[in-house]
Amino acid sequence: MSSRPARSAVMLTLLPLLLAGCASAAGSADTDAVPPSPRPSVQTAAAPPTLAATPQLDSANDRPLPLDPYLLNPEQQLAVEKAQQKLIVRCMASFGLTYTPPSGNGGRRDSDAPTTRVDSRYGHQNAALMAKWGYHPEGGLRPGAGAMPSGPSLSPEMELVLRGTADAAARAGSGGRTVNGRTVPARGCVGEAVKELTGSAEGGIGDTQFADDAKFTTLDQSRNDPRTQAVFRQWSQCMKDAGFDYADPLAALGDPQWRKSPTPTPQELKVATADAGCRHAHNVVGVWYAVDAGYQQQVIAANAAAMAEAKAAVERQVRAAALVTAG
């Protein structure tokens, strides 16, 4: 039962950039036992990063970023989620109960989506896909896209064993009751699964809160950097010359008109095609990527201990998931 704290307005603003390229947000196992403990604020450098070089890029999806090793990549994320489900099913069976995990939404990703990280960061970057699908995911929106994973309703007994409590209002309970001759552990089978993957029943599955915060902090920094803003202004003028009025690529990507239909409208395709052309003409992705990588390097250096902890947490989950899968 994942329960990461609610994001700030920064996340709400930048989320479309992170999700661009994902045909549907991968359904998480949603079974973290408790919210992670509060983390210290991400420390940032006093001055913007100095760039050694700026690559000419239409897409950065095949380029690594400094924060990648501190966050689960798509393959690792899926492996951890499957391992978590396997552990919960196994634990429930030890109580004589048959449990079916919630079904996800398939976790489709666009054909050009990055493999070293979950998100694209800079929005849609493939001109051919944008000409065909606009700002929609490749293949269009599936029915129910974005909905929470669904599963069968559970009896109070199964809820008790699953979460350590049958109280629907509580995220987890202390367990202690006996079911079919066995004592329910604290936080139930969810807690047992989390403990095996993270080392603690109160741990968090997935990226650490600090690494997640670093991801959003650097994206916000890079988007507002003067060098990125300069190419955004050039992009905006290019779009105006094509007949479209958007302040920056995020405004075009996030136009609410695009979400009114499961497939792109002719107007959306025109805007997206112009967007791709203007990105190319002014090297928007190349500049943004270089600036972003610079800020990420700064954050890693300024938060060495917390970032080392984040990397260790990811590596521990990946190792534990591999053992569960092999077992």
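Source: prediction; values computed, not measured. Atoms considered below: every heavy atom in the structure, side chains included; atoms not considered: hydrogens, waters and symmetry mates.
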For the residue pair [X] and [Y], what are the closest heavy atoms and their distance?
{"X": "Val284", "Y": "Val231", "result": "CG2-O, 4.1 Å"}
{"X": "Thr165", "Y": "Gly173", "result": "CG2-N, 3.6 Å"}
{"X": "Ala201", "Y": "Val194", "result": "O-CG1, 3.9 Å"}

(request) Output yes when a side-chain donor or acceptor of Lys86 lies under 3.5 Å from a complementary backbone atom of Gly327, and no otherwise. (result)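 Present.
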
(request) Without swapping roles, check the side chain of Asn73 against the backbone of Val118 for a donor-acceptor pair under 3.5 Å. (result) no

Check whether any side-chain heavy atom of [X] sits under 4.5 Å from a side-chain heavy atom of [Y], and report yes or no.
{"X": "Leu87", "Y": "Glu192", "answer": "no"}
{"X": "Tyr70", "Y": "Glu309", "answer": "no"}
{"X": "Tyr99", "Y": "Val161", "answer": "no"}
{"X": "Leu72", "Y": "Val318", "answer": "yes"}
{"X": "Leu67", "Y": "Met307", "answer": "yes"}
{"X": "Val179", "Y": "Glu157", "answer": "yes"}
{"X": "Pro48", "Y": "Tyr295", "answer": "yes"}
{"X": "Thr54", "Y": "Arg227", "answer": "no"}

(request) May I ask you to decide if the ring planes of Phe232 and Trp288 are parallel, tilted or perpendicular, using 30° and 60° as cut-offs? (result)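 Judged by the thresholds at 30° and 60°, the geometry between Phe232 and Trp288 is perpendicular.
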
(request) For the pair Asp110 and Asn126, evaluate side-chain contact (heavy atoms from CB on, under 4.5 Å) and give the outcome as yes or no after the intermediate values. (result) CA-CA 10 Å; Asp110 284 358; Asn126 185 301; over 6 Å; no

Going by atom types only, do [X] and [Y] share a side-chain donor-acceptor pair under 3.5 Å?
{"X": "Gln221", "Y": "Asp225", "value": "no"}
{"X": "Tyr246", "Y": "Asp275", "value": "no"}
{"X": "Arg121", "Y": "Thr218", "value": "yes"}
{"X": "Gln125", "Y": "Ser120", "value": "no"}

